[in-house]
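Notes follow the structure.
Predicted, not measured: the structure shown is a model, and the values here were computed from it. Order of the sequence lines fixes the chain letters, A, B, ..., with proteins taken first and strands second; residue numbering starts at 1 for each chain. Below, each value reflects all heavy atoms present in this structure, side chains not excepted, and no hydrogens, waters or symmetry copies.
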Protein chains: 2
Amino acid sequence: MSNLHRLFFKAFSNKTRLEIIRLLRKKPLTVTEICKKTGFEQSRISHNLKCLEHCGFVKVTPNGSFRKYELDKETIIPIVDLFEKHIKKYRKRLECCKVIGQSNRRMKKSEAR
Amino acid sequence: MSNLHRLFFKAFSNKTRLEIIRLLRKKPLTVTEICKKTGFEQSRISHNLKCLEHCGFVKVTPNGSFRKYELDKETIIPIVDLFEKHIKKYRKRLECCKVIGQSNRRMKKSEAR
DNA sequence: AAATTATATGATAATTTTGTCATATGAGTA
DNA sequence: TACTCATATGACAAAATTATCATATAATTT
């Protein structure tokens, strides 16, 4: 359980990256396609794809000015399957964890009075 | 790939919690024992144990004023094994990812001039 | 070669997560 | 009952992560 493990899980523990993984699980996509499907900004997608690539979650195939991203199937898919199992069992608890859940959220500046 | 997945991975992606998991992998321990072995503060351990318990990673057995924490073996151990495999392959890349790696770190206030 | 399209990247503000401090609770013991 | 030990918890400062903005690069088309 080293620092590497932590990095590995960090790559997973982010909304944008998980969304990308979810999409790529179906089929390879370009940056623009991912943008359209998620509704997220392009630079946001690029930054996070870079992270995923760096960590070995995705591979790229340049094609002209496009870059096709696809998911690594050897380890990422099996891991996703495994935690589906865990989540089935602990859904309720995960949902209301105070430390990492939404309830830990503080008031946003924009909400402050 | 929902918000739940994110929470699940978040539970893993923290130094303190990973250290606790590493220790509990060997045998069940009380809070004080974990404190001693890690050198981390007691409230830090308690807060994070609570998170782990909440997320179904650990179970507690109260015993007098002690509380023995042990790891869930059904899903957590297999997952750990799976990512060992991934890490073996991508060690180098994970180590230098700019987005989630150490190099993303900004200067601390105490270091500012 | 200028314009357009696709993607990447650096800096930084906004947000989230974490650890710490102070303190609370609860069980056992003198 | 007062004291000690084991653990929990709330609030908040500090640290880490994230998204966004501005801009860069690189391929393609006109």
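Residue Phe40(B) contributes atom CZ, which lies 8 Å from atom P of dG19(C) at whole-angstrom precision. Following rounding to the nearest Å, Lys15(A) (NZ) and dT18(D) (P) show an atom-to-atom distance of 13 Å. Here dT29(C) presents its C1' atom at 13 Å from CZ of Phe66(B), a figure rounded to the nearest Å. At whole-Å resolution of the value, CG in Leu49(A) and C1' in dA8(C) are 11 Å apart. In this entry the distance linking CZ of Arg67(B) with C1' of dG28(C) reads 16 Å, nearest Å. In this structure, Glu53(A) places its CD atom 13 Å from P of dT7(C), rounding to the nearest Å. Between the P atom of dT9(D) and the CD1 atom of Ile45(B) lies a distance of 15 Å, rounded to the nearest Å. Summarising the geometry, the separation between CG on Asn14(B) and P on dA15(D) is reported as 16 Å, rounded to the nearest angstrom.
With values rounded to the nearest 0.5 angstrom, Ser13(A) atom OG is found 9.5 Å from Leu7(B) atom CG. Note that OG1 of Thr61(A) and NZ of Lys68(A) are 9.0 Å apart. Values are rounded to the nearest 0.5 Å. Atoms CZ and NZ, on Arg6(B) and Lys15(A) in that order, are 7.5 Å from each other to the nearest 0.5 Å.
The backbone N or O of Ala11(B) lies less than 3.5 Å from a partner atom in the side chain of Arg17(B), making a donor-acceptor pair.
In this structure, Thr16(A) reaches the dA19(D) phosphate: one of its side-chain N or O atoms is under 4.0 Å from OP1 or OP2. OP1 or OP2 of dA8(C) has not a single side-chain nitrogen or oxygen of Lys50(A) nearer than 4.0 Å. Remark: Arg17(A) is in phosphate contact with dT18(D), judged by side-chain N or O atoms under 4.0 Å from OP1 or OP2. Neither OP1 nor OP2 of dA6(D) sits under 4.0 Å from any side-chain N or O of Tyr69(B).
Looking at Thr16(B) and Arg44(B), their side chains do bring a donor and an acceptor atom within 3.5 Å of each other.
Across all strands shown, dT12(C) pairs with dA19(D); the Watson-Crick or G-U wobble distances both stay below 3.5 Å.
Of the residues in residues 29-39 of chain A, those lying under 4.0 Å from DNA chain C by heavy-atom distance are Thr30(A), Val31(A), Thr32(A).
Of the candidate nucleotides dA8(C), dA6(D), dA27(D), dA6(D) has the atom nearest to the side chain of Ser65(B). The Asn48(B) side chain lies nearest to dG19(C) when the options are dT9(D), dG19(C), dA8(C).
Smallest separation of non-hydrogen atoms from Asp72(B) and Gly56(B): CB-O, 3.5 Å. Closest heavy-atom contact between Leu24(B) and Tyr69(B): CD2-O, 3.4 Å. Between Leu49(A) and Val58(A), the shortest heavy-atom contact is O-CG2, 4.2 Å.
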Between N or O atoms, less than 3.5 Å apart, protein on one side and nucleotides 21-25 of chain C on the other: list the pairs.
| unit_1 | atom_1 | unit_2 | atom_2 | d |
| --- | --- | --- | --- | --- |
| dC21(C) | N4 | Ser43(B) | OG | 3.1 |

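Between Phe12(B) and Phe9(A), the two ring planes are parallel [angle under 30°; tilted spans 30° to 60°].
Taken together through direct or relayed side-chain contacts under 4.5 Å among Ile, Leu, Val, Met, Phe, Trp and Tyr, Ile77(A) and Phe57(A) form part of one hydrophobic cluster.
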